[in-house]
Amino acid sequence: MSTCLITGGAGFLGSHLCEALLVRGNRVLCVDNLETGSLENISHIRDENFVYLNIDITQPFYIDEKVDFVYHLASPASPIDYLRLPLHTLKVGAYGTHNALGLAKFKRARFLIASTSEVYGDPEIHPQPESYWGNVNPIGPRGVYDEAKRYAEALTMAYRRQQGVDTAIVRIFNTYGPRMRPHDGRAVPTFLRQALQDQPVTVFGDGSQTRSFCYVDDLIAGIIALAESDYGDPVNIGNPNEMSLLEMARTIIEVTESRSEIVFEPLPVDDPKVRQPDITLAKQVLGWEPKIDLYEGLKKTLELSGVERLAR
Ligand code: NAD
């Protein structure tokens, strides 16, 4: 049995990863300080191989048992969170990643960091392959998140090259599914909440900016495939099915059978105009590609979350 430590395990993606790793017969140590996560995300897990540890990973920490895999997911992730917590976001990317990598080194564990498509910034290349270095504004308000992740990638490669740690980097593109917080400011939970309440659905700009949305189960399968491979360079994991935010708003109104109208609000600073993963590498190296289309994913999100939680 492998022991997997997940930082950020009580968050949206982390809680799904905890469940998937338990189903595969692993022991799971879920490390979280509940900064943006919640015990509600993991309280249903009843498994003797599941342990929750309340730890702030920006402080040095020690684990008193063997660890085979470190999945490092802890970080504020939605713009609302990282704009509210700019210094914490930089600290968790720097000190938190140092501490997680140090633990992986000490335990001789395979280390995987959850990086992001935001390392590409507002891209000049479309779709974005891993070889693209990005177009990021380091001093804009989003810089705290984008640069923390870019630093964390550099740190990961330094531990790999200089310290011999076995590392992996996953660049995650927009992901949705049950347990997203209705007020976390990301497009899918916001549109779902507004549509379920028959309130105006708020689209930024003219809604022509694009995103590519991946259902959480597909993403988790890709993350585990990467962790269990021996690949060391960054890999994009996401769904290449690109659409404008206006199309997404219309689809959500249709799926929820809502009477909401669409209204337009000013674009946030440095909002990327396009976002679509090139997943050629994930297909080649991991044999991975997403299986769940948008309608199926939205229906599962509605069913598994429950309308009450989404409209809260
Ligand atoms: P989330 O906010 O739901 O989860 C992050 C978790 O990290 C939370 O449970 C939070 O409490 C925890 N955390 C934050 N600071 C911590 C600290 N100092 N010590 C311990 N725990 C701490 O966000 P998410 O959407 O699940 O994102 C998880 C990871 O995936 C993040 O690293 C994010 O950057 C990355 N990512 C997510 C997406 C997406 O679409 N959800 C896209 C790209 C990248």
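Read the numbers this way: they start at 1 and go in the same order the structure lists the ligands and their atoms. Positions are given from 1, in the same order as the sequence printed here.
The aromatic rings of Y176 and Y215 sit perpendicular to each other, their planes meeting at more than 60°, with 30° as the lower class boundary.
Smallest separation of non-hydrogen atoms from R275 and S212: O-OG, 2.7 Å.
Under 3.5 Å, the side chains of S258 and D198 contain a donor-acceptor pair of N or O atoms.
At a 4.0 Å heavy-atom cut-off, the residues surrounding ligand 1 are G8, A10, G11, F12, L13, D32, N33, L34, E35, T36, G37, I55, D56, I57, T58, L73, A74, S75, A77, H88, V92, A114, S115, T116, Y145, K149, I172, N174, T175, R186, listed by chain and number.
Remark: side-chain polar atoms of E35 are not paired, donor with acceptor, to backbone N or O of P76 under 3.5 angstrom.
Sorted by first and then second residue, the side chain to side chain donor-acceptor pair (under 3.5 Å) pairs involving residues 281-294 (not counting sequence neighbours) form an empty list.
A heavy-atom distance below 4.5 Å is not found between the side chains of Y231 and T167.
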